[in-house]
Amino acid sequence: MLTTQLKSLLGSETSLLFPTKESKLNWWKDIRENPAYQLLLNEIRDEGDRLLKESDPELTFSLFKIFDETGSRLEFEKVYFEKRRRLTTFAIMVLLEPEQDEYLTALENTIWSLCNEYSWCLPAHLQNSPETSVNVNYSLFEPSKREYSIDLFAAETAFSLSEIVKLTEEHLNPQICKRIYEEIYNRIFFPFKEKTFGWEKQTHNWAAVCAGSIGSAALHLIQDQDELAIILERVIDAMSSYLKGFQDDGICLEGYGYWQYGFGYYVYFADLLKKKTEGRLNLFDSEKVHQIALFQQRTFLNRNLVVNFSDSLPTASVFLGLSHYLSKIYSDFEVPENSLRSHYTDDHCSRWAPAIRNLLWFDADSVPLPWRNGTYFSKDSEWFLSRHICESGGFAFAAKGGHNDEPHNHNDTGHFILQGNTEVFFKDLGSGLYSKDYFSEKRYSYFCNGSQGHSVPIINEQFQTPGSAKYANILDVLIGEDVDIYEMDIANAYEVKSLQRLKRRFTWVKTNPPKLVLEDTYSFVEQPRSIVERFITPVLLITKTDDGVILEGKNKVRISYDTSQLKLETKLITFINHYGKSEDNLALDFIVLHPERECSVELVFQFE
């Protein structure tokens, strides 16, 4: 869209969150007295009390250099996000309890500290950037101009501060307000106007979060219509790039956490833009965006368990504010149960935008429902998900085809998840601890990223390899009332020259309780050296039976197989999860005792 066209669509509305100061004060008064908000408000108050007792944290140079020296992100980011937690919490507390001077003082000190930061970017995102370059020529006659990078968190910081100043400016010292404007213009608006950033053409969450944050900050702070249109034109183009990362089915290949993150910022910006243009620019008016919105209800397995392919976590909470907002736009959007509500401290990054909208967009009159029974298959993304609710409880099965060059890719073509009554028996490890090496050529040496950490075969001691050419050929999909079938050929995912075909067939039998039948059929040019059917499980009690084994946690799954064909070996595997915690799991290796050029392996997983 041309800048001139965009300018003609902009309205005169400057207060995008509340029409008047009086309406803002009345709204905050109402929620303080509304019982529906009290659980969340109490969580915020408790966090405010805790943070008031803590000293103001600082981002020292010692913390800044750790990533460059060791590749570790945790040390710097722990302090960085604690500062954002203080910003978000104290800002909300000033709105909730404006008579409490200690919260205003704490908020102003936190804002001042953020404005003093060397960069709003994370060190992990500053490699080869102006901030880390030491080759600078200084001259009295050619003053050097400070250059700023813009990453996810720099953009988010600008969005947070712009919205906070609009909501609290009658409380803040004018010097603090001036500083906010000054830093956002210098660190975000000027750099964005003067140069192009790589994330603008990306097709994943970076485009939505960075652009959405910049666009939202601009809508709040920039009064000149010409200047605002210049920013918004670029932002809208970046949002279009973000949408290109989705097929028409709306599946977020990065996983639910990145849907909540990236699409969340798309929604936050689209809402403000819709208000600013008085509905003339509506980024929700798209069938693809509609399908992306429905991803939430398509990815939950049971209660808080999600399909966590790629760098995603196995459990999730929902932003009720975001869910209630989307339910008003799309009639088929399912409002999740309140028990899945994201607690105030759940977001370790303590992001302002979703935190405040969990209040602003919360609708006490919405009608929540449990996740529906049924099966869903995505032809575009090759995700298969079935929720089966019966007298024995709630069960779910999910599997994927796809390829090994997806966003936040894992080598996991043909991988599956199986759970019963909220207990995961065959799992996806999800995301490991982010570090420099995690996103380098060493990525697939990490157990959670390579196929060695997924429920897929190991052939001739070889794992799957990365690349878009390593894909599944979908052979059959059958969705029935009693039985679902999902079959694919995953031979392409391996660089085993003699392997011609590897048909993996899942048969999901929806009885009471259900069972999953897995059959792998191999075809080789020459006799294989070895075939190992690997499955990843939590650490469970394993009991041998005449025809297999029983896995026991709170529930039981019986694995039946030909014990004369397969030999089971169990291996304890440990990986460092996304939060830096050591996590133990099991690899169940079913070794084919006499692999042949043409052979088939069948395992039956029966819930008891």
Side-chain angles (χ1 to χ4, degrees), residues 43-44 46-94 102-103 105-127 129-132 148-161 163-164 176 179-180 183-184 186-188 209-210 213 257 261 313 343-356 431-439 576-582:
E43 291 170 2
I44 298 170
D46 288 345
E47 190 67 356
D49 290 343
R50 180 187 75 83
L51 293 172
L52 278 180
K53 299 171 185 175
E54 303 286 338
S55 58
D56 293 334
E58 284 301 326
L59 291 169
T60 64
F61 178 64
S62 296
L63 291 171
F64 182 83
K65 66 179 182 177
I66 288 175
F67 178 79
D68 185 55
E69 294 177 345
T70 70
S72 176
R73 298 173 56 150
L74 279 178
E75 296 83 358
F76 181 93
E77 292 180 15
K78 180 180 178 181
V79 178
Y80 181 98
F81 292 125
E82 183 69 5
K83 293 182 71 174
R84 271 66 186 168
R85 183 172 299 281
R86 296 173 74 85
L87 175 71
T88 298
T89 306
F90 294 146
I92 295 176
M93 289 307 299
V94 166
E102 62 266 36
Y103 288 117
T105 299
L107 174 61
E108 290 180 333
N109 285 335
T110 298
I111 292 173
W112 193 259
S113 178
L114 262 64
C115 290
N116 286 336
E117 288 177 355
Y118 176 67
S119 173
W120 285 346
C121 300
L122 300 183
H125 299 155
L126 285 176
Q127 303 303 293
S129 70
E131 288 89 340
T132 56
Y148 287 98
S149 301
I150 302 176
D151 74 342
L152 297 165
F153 301 103
E156 282 184 54
T157 299
F159 183 8
S160 303
L161 289 173
E163 207 152 83
I164 288 168
I176 294 290
R179 189 80 193 277
I180 288 173
E183 295 299 330
I184 292 176
N186 288 337
R187 295 172 184 259
I188 303 297
V209 176
C210 294
S213 294
Y261 187 29
L313 299 176
H343 294 254
Y344 179 69
T345 55
D346 282 353
D347 181 4
H348 74 284
C349 297
S350 196
R351 297 178 174 93
W352 162 266
I356 193 64
S431 55
L433 176 64
Y434 287 1
S435 65
K436 186 185 292 187
D437 286 345
Y438 192 87
F439 294 101
I576 305 301
N577 67 23
H578 189 64
Y579 299 109
K581 303 292 185 182
S582 179

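Predicted model, so just to flag it, every value in this text is computed and none were measured.
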Which heavy atom of [X] sits nearest a heavy atom of [Y], and at what distance?
X	Y	value
Ala106	Leu52	CB-CD2, 4.0 Å
Leu313	Ser431	CD2-OG, 3.6 Å
Ala355	Tyr344	CB-CE1, 4.2 Å
Tyr80	Cys121	CE1-O, 4.4 Å
Pro130	Ser149	CD-OG, 3.6 Å
Cys115	Arg187	O-NH2, 3.0 Å

According to side chain to side chain contact (heavy atoms under 4.5 Å, CB included), who are the partners of [X], at least two apart in sequence or on a separate chain?
X	answer
Asp46	none
Ser55	none
Leu74	Ser72, Leu433
Lys78	none

Are the side chains of [Y] and [X] in contact, using a 4.5 Å heavy-atom criterion?
X	Y	result
Ser350	Phe81	no
Glu54	Arg85	no
Leu59	Phe76	yes
Leu114	Ile111	no

Problem set entry | Worked verdict on Leu51 versus Glu82 for side chain to side chain contact (heavy atoms under 4.5 Å, CB included) | CA-CA 9 Å; Leu51 293 172; Glu82 183 69 5; 3.2 Å; yes
Problem set entry | Partners passing salt bridge (Lys or Arg N to Asp or Glu O under 4.0 Å) against Glu108 (at least two apart in sequence or in another chain) |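 So Glu108 forms no salt bridge (Lys or Arg N to Asp or Glu O under 4.0 Å) with any residue.
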For this session: Name all residues meeting the salt bridge (Lys or Arg N to Asp or Glu O under 4.0 Å) criterion together with Asp68; count only those two or more places apart in sequence or in a different chain, and write none if there are none.
Result: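 Salt bridge (Lys or Arg N to Asp or Glu O under 4.0 Å) check on Asp68 returns nothing, list empty.
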Working to the nearest 0.5 Å, report the span between [atom1] of [X] and [atom2] of [Y].
X	Y	atom1	atom2	result
Arg179	Trp112	CZ	CH2	4.5 Å
Thr70	Lys436	OG1	NZ	8.0 Å
Thr345	Ile44	OG1	CD1	10.5 Å

Among all residues two or more places apart in sequence or in another chain, which pass the side chain to side chain donor-acceptor pair (under 3.5 Å) test with [X]?
X	answer
His343	Glu43
Asp56	Arg86
Asn109	none
Glu77	Arg73

Exercise. Can you list the steps and then say if Glu58 with Ser113 is a side chain to side chain donor-acceptor pair (under 3.5 Å)?
Worked result: CA-CA 8 Å; Glu58 284 301 326; Ser113 178; 3.1 Å; yes
For this session: Keeping the roles fixed (side chain from Gln127, backbone from Pro123), state whether a donor-acceptor pair exists under 3.5 Å.
Result: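 A pair under 3.5 Å: yes.
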Exercise. Do Tyr118 side-chain atoms and Glu131 backbone N/O form a donor-acceptor pair below 3.5 Å?
Worked result: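 Such a contact is found between Tyr118 side chain and Glu131 backbone.
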For this session: List the steps, then state whether side chain to side chain contact (heavy atoms under 4.5 Å, CB included) holds for Phe67 with Leu126.
Result: CA-CA 10 Å; Phe67 178 79; Leu126 285 176; over 6 Å; no
Problem set entry | Working for side chain to side chain contact (heavy atoms under 4.5 Å, CB included), residues Thr105 and Phe90 | CA-CA 9 Å; Thr105 299; Phe90 294 146; over 6 Å; no
Problem set entry | Pairing residues for Tyr438 by the ring-ring contact (aromatic ring centres under 6.0 Å, His included) criterion, not counting sequence neighbours |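 Here the qualifying residues are Tyr434, Tyr446.
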Problem set entry | CA sep, side-chain torsions, deciding dist, call: Leu161, Trp352, side chain to side chain contact (heavy atoms under 4.5 Å, CB included) | CA-CA 9 Å; Leu161 289 173; Trp352 162 266; over 6 Å; no
Check: residues 151-160 side-chain donor-acceptor pairs under 3.5 Å, at least two apart:
| unit_1 | atom_1 | unit_2 | atom_2 | d |
| --- | --- | --- | --- | --- |
| Asp151 | OD1 | Phe153 | N | 3.1 |
| Asp151 | OD1 | Ala154 | N | 2.7 |
| Asp151 | OD2 | Leu122 | N | 3.1 |
| Asp151 | OD2 | His125 | ND1 | 2.7 |
| Glu156 | OE1 | Tyr265 | OH | 3.1 |
| Glu156 | OE1 | Arg351 | NE | 3.3 |
| Glu156 | OE2 | Tyr261 | OH | 2.4 |
| Thr157 | OG1 | Arg84 | NE | 3.4 |
| Thr157 | OG1 | Arg84 | NH2 | 3.1 |
| Thr157 | OG1 | Phe153 | O | 2.7 |
| Ser160 | OG | Glu156 | O | 2.9 |

